[in-house]
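Notes to accompany the following structure.
These numbers come from a predicted model, not from an experiment.
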Amino acid sequence: MAATGLMKTSAAHFRGKVRVLRLLFIAVILLAWQAISMSGLLYQDVVPGLPAVARGLYHLLVDPEFYSNLWATAGETILATVLGSATGLAGGMLLGGSRYLQRAFERYLYYLGPTPKIIFFPLMILWFGVGPGSKVALGVLSCFFPVALAVATGMRRIPPIFVRVGRSLRATPMQMATRIYLPAMREPVVNGIRLGFGVSVIMVLLAETKLSNQGLGFLVIQNYQRFDMPGMYALLIAVFALAVAVNALLSRLAGTKRSQGVSI
């Protein structure tokens, strides 16, 4: 009992030190920002002071236009992540479950994965038009690769005994996928989706800055063209906060009970 209490105290102390370090890091970043703003080293208003950014963030959060554009970007990103994750999950399971397909195609995923997907945006416009379809398609293409590679790697790390149990019970391919493969590789799947979501957000926002009349990327470019730097930085902070919140949610999903029983 004493040892358990000591371990809990030590863990709580460690978590407290981590929180303090994070707060110190944020404080240093804010102080450095304000110092650069007041130094005059850059052009006036290129790096506005913290009070100006705070006012810009307040005006952003009370502006109905922000929420209409937020829903546009969120809808495109969510749809792109769902479609990209579904296709990446299917492709990764096929590659991870077949040595033949792995030898034939997996190297191409590694070659194409790091390629900047924005170069395909003109094709997406030709195929899906200038509306939300082209942004979603670009997000799907970007999301597919990290999910497929993570799932393929996870498939090869599933304990063989799980696969033998499923086959001995004559599980169908769908049962094998939903009751054995997915529970056994929850962590790589969720991590792949986290990466896929991140690149989907980047590609959707980047596409919105290039050709769009709605979305957060469109608002960022509008503020930049008006030289409204506090408003632009406020938008970037809002996007960053939303991305962190979604990633924290996915991290909690990955951190829940990882040991799942095999049930057919």
Inset, instruction - Assert yes or no for the condition that the ring centre distance of Tyr233 to Trp33 is strictly below 6.0 Å. - result: yes

Inset, instruction - Check the hydrophobic clustering (I, L, V, M, F, W, Y; side-chain heavy atoms under 4.5 Å; chains of links allowed) and say if Ile237 and Leu219 are grouped together. - result: yes

Legend entry - Shared hydrophobic cluster for Met203 and Ile119 (ILVMFWY, side-chain gaps under 4.5 Å): yes

Inset, instruction - Show your working on side-chain contact (heavy atoms from CB on, under 4.5 Å) between Leu216 and Val204 and close with a plain yes or no. - result: CA-CA 9 Å; Leu216 297 183; Val204 168; over 6 Å; no

Inset, instruction - Kindly say whether Leu206 contributes a backbone atom to a donor-acceptor pair with the side chain of Thr209 at under 3.5 angstrom? - result: yes

Inset, instruction - Give a yes or no on whether Arg226 atom CZ has more than 12 heavy-atom contacts from other residues, nucleotides or ligands under 6.0 Å away. - result: yes

Legend entry - Leu24 side, atom CG; Arg22 side, atom CZ - distance, nearest 0.5 Å: 12.5 Å

Inset, instruction - Please say whether more than 12 non-hydrogen atoms of neighbouring residues, nucleotides or ligands are located less than 6.0 Å from CZ in Phe66. - result: yes

Inset, instruction - Determine the minimum heavy-atom distance between Ala152 and Leu95, stating which atoms define it. - result: CB-CB, 4.2 Å

Inset, instruction - Mark yes or no for whether Asp228, through its side chain, and Asn223, through its backbone, hold a donor-acceptor pair below 3.5 Å. - result: no

Inset, instruction - Please answer whether the main-chain N or O of Gly215 pairs with a side-chain N or O of Lys135 as donor and acceptor at a distance below 3.5 Å. - result: no

Legend entry - hydrophobic_cluster_shared for Val220 and Leu70, side chain cutoff 4.5 Å: yes

Inset, instruction - List the steps and the verdict of side-chain contact (heavy atoms from CB on, under 4.5 Å) for Met229 and Tyr224. - result: CA-CA 7 Å; Met229 293 297 106; Tyr224 172 77; 4.2 Å; yes

Legend entry - Validation row: Leu195, Val147 side chains within 4.5 angstrom (heavy atoms): no

Legend entry - Exercise: identify the closest heavy-atom pair between Leu138 and Ala207: CD2-CB, 4.0 Å

Legend entry - Sequence neighbours excluded, every pair satisfying salt bridge (charged side-chain N to carboxylate O under 4.0 Å, His left out) that has a member inside residues 205-214: none

Inset, instruction - Write down the atom of Pro188, the atom of Ala150, and the distance for their closest heavy-atom approach. - result: O-CB, 3.5 Å

Legend entry - Side-chain touch Pro132/Gln214, heavy atoms, less than 4.5 angstrom: yes

Legend entry - CZ (Arg156) with more than 12 external heavy atoms under 6.0 Å: yes

Inset, instruction - Indicate, with yes or no, if Leu94 and Leu89 share a hydrophobic cluster defined by side-chain heavy-atom contacts under 4.5 Å among Ile, Leu, Val, Met, Phe, Trp and Tyr. - result: no

Inset, instruction - Indicate the atoms forming the closest heavy-atom contact of Ser134 with Gly131, along with that distance. - result: OG-O, 3.1 Å

Inset, instruction - Compare every heavy atom of Ser200 with every heavy atom of Cys143, then report the nearest pair and how far apart it is. - result: CB-OG, 3.2 Å

Which side-chain N or O atoms in residues 51-65 pair as donor and acceptor under 3.5 Å with protein atoms at least two apart or in another chain?
{"from": "Asp63", "atom 1": "OD1", "to": "Glu65", "atom 2": "N", "distance (Å)": "3.1"}

Legend entry - Point-to-point distance, once rounded to the nearest 0.5 Å, from CG of Leu149 to CG of Leu109: 5.0 Å

Inset, instruction - State the OG1-CD distance between Thr81 and Glu76, to the nearest 0.5 angstrom. - result: 11.5 Å

Legend entry - Backbone N/O of Gly49 and side chain of Ser37: donor-acceptor pair under 3.5 Å: yes

Inset, instruction - Would you check if the side chain of Gln34 reaches a backbone N or O of Leu50 as a donor-acceptor pair within less than 3.5 Å? - result: yes

Legend entry - Least distance between heavy atoms, Met124 atom then Leu141 atom: CE-CD2, 3.7 Å

Inset, instruction - Answer whether the closest heavy-atom distance between the side chains of Leu236 and Phe240 falls below 4.5 Å. - result: no

Inset, instruction - Would you mind reporting whether Thr77 and Phe197 have side-chain heavy atoms less than 4.5 Å apart? - result: yes

Legend entry - Non-hydrogen side-chain atoms of Met232 and Phe227 separated by less than 4.5 Å: no

Inset, instruction - Please check if Leu112 and Tyr110 belong to a single hydrophobic cluster, counting links between Ile, Leu, Val, Met, Phe, Trp and Tyr side chain heavy atoms closer than 4.5 Å. - result: yes

Inset, instruction - Anything under 30° is parallel, anything over 60° is perpendicular, the rest tilted; go ahead and classify Trp71 against Tyr67. - result: tilted

Inset, instruction - Identify whether NZ of Lys or CZ of Arg in Lys117 sits under 6.0 Å from the centre of the six-membered ring of Phe144 and within 45° of that ring's axis. - result: no

Legend entry - Any donor-acceptor N/O pair, Ser85 side chain to Val82 backbone, under 3.5 Å: no

Inset, instruction - Quick one: do Met93 and Met155 satisfy side-chain contact (heavy atoms from CB on, under 4.5 Å)? Show the steps, please. - result: CA-CA 7 Å; Met93 292 179 74; Met155 282 284 291; 4.2 Å; yes

Legend entry - Pairwise distance CD1(Ile26) to CG(Leu21) - rounded to 0.5 angstrom: 10.0 Å

Inset, instruction - Report the distance from atom CD1 of Ile180 to atom CD1 of Ile158, rounding to the nearest 0.5 Å. - result: 8.5 Å

Inset, instruction - Report yes if the side chains of Ile221 and Phe218 come closer than 4.5 Å at any heavy-atom pair, otherwise no. - result: no

Inset, instruction - Begin with the C-alpha distance, continue with both residues' side-chain angles, and end with the deciding distance and a verdict on side-chain contact (heavy atoms from CB on, under 4.5 Å) for Ile118 and Ile202. - result: CA-CA 10 Å; Ile118 193 63; Ile202 292 171; over 6 Å; no

